[in-house]
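Heads up: the structure comes next, in structure tokens.
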Amino acid sequence: MPERDPPTSFNIRFARTTDVTELARLFGELGYQIPSDVLAERLAAFVGAGEQVLVADDGSGSNRLLGVATLHATPVLHRAGPVARVTALVVDAIRRGRGIG
């Protein structure tokens, strides 16, 4: 069995408007080429609607993101509260396999 890289140290936080360029880069790794200005508008609307965008960073203060996940809260009839769905998940290609996802 091949050895894997050791886990990466990272922080999880909510996305900020200053993350848009990095978010566009990460979504590009999934094949979604979205201009930063369009993504900024979508991010504002998404968060304004109460949805969540979580990002992983290495805590160094650099602007480079390690990954992103988008979450939707959905009310369902059979539970007392909403459930969350992950609708996008991408980890930077050079950081995959290190426990970030």
Asn63 side, atom CG; Thr21 side, atom OG1 - distance, nearest 0.5 Å = 8.5 Å
Gly50 versus Gln52, closest heavy-atom pair with distance | O-NE2, 3.8 Å
Leu65 side, atom CG; Leu54 side, atom CG - distance, nearest 0.5 Å | 11.5 Å
In the single-linkage hydrophobic clustering (I, L, V, M, F, W, Y; side-chain heavy atoms under 4.5 Å), do Tyr32 and Leu66 co-cluster?
-> no
For the residue pair Phe10 and Ala56, what are the closest heavy atoms and their distance?
-> CD1-CB, 4.2 Å
Any residue meeting ring-ring contact (aromatic ring centres under 6.0 Å, His included) with Phe46, in chain and number order, not counting sequence neighbours = His72
Got a sec, which residues hit side-chain contact (heavy atoms from CB on, under 4.5 Å) with Ala88, two or more places apart in sequence or on another chain?
-> Phe27, Thr70
Tell me, do Val68 and Val91 make a side-chain contact under 4.5 Å, heavy atoms counted?
-> no
Set of side chain to side chain donor-acceptor pair (under 3.5 Å) partners for Asp57, sequence neighbours left out | Asn11, Arg13
Salt bridge (charged side-chain N to carboxylate O under 4.0 Å, His left out) partners of residues 37-52, not counting sequence neighbours, each pair once = none
Looking at Thr17 and Val20, what are the two nearest heavy atoms and their distance?
-> O-CG2, 3.1 Å
Listed by chain and number, what are the side-chain contact (heavy atoms from CB on, under 4.5 Å) partners of Ala24, not counting sequence neighbours?
-> Ser36, Leu39
Applying the 4.5 Å side-chain criterion to the ILVMFWY set and letting contacts propagate, would Val47 and Leu89 be lumped into a single cluster?
-> no
Minimum heavy-atom distance Leu23-Ala15, with the two atoms named = CD1-CB, 4.4 Å
Got a sec, which residues hit side chain to side chain donor-acceptor pair (under 3.5 Å) with Glu29, two or more places apart in sequence or on another chain?
-> Arg25, Arg96
What residues form a side-chain contact (heavy atoms from CB on, under 4.5 Å) with Ala45, not counting sequence neighbours?
-> none
Residues in salt bridge (Lys or Arg N to Asp or Glu O under 4.0 Å) contact with Arg64, at least two apart in sequence or another chain = Asp92
Taking only residues two or more places apart in sequence or in another chain, which ones pass side-chain contact (heavy atoms from CB on, under 4.5 Å) with Ser60?
-> Asp58, Ser62
In terms of hydrophobic clusters joined by side-chain contacts under 4.5 Å, are Leu30 and Leu26 together?
-> yes
So salt bridge (charged side-chain N to carboxylate O under 4.0 Å, His left out) across residues 73-83, not counting sequence neighbours, yields none
Identify whether Val55 and Ile100 are in the same connected component of the hydrophobic contact network (ILVMFWY, side-chain heavy atoms under 4.5 Å).
-> no
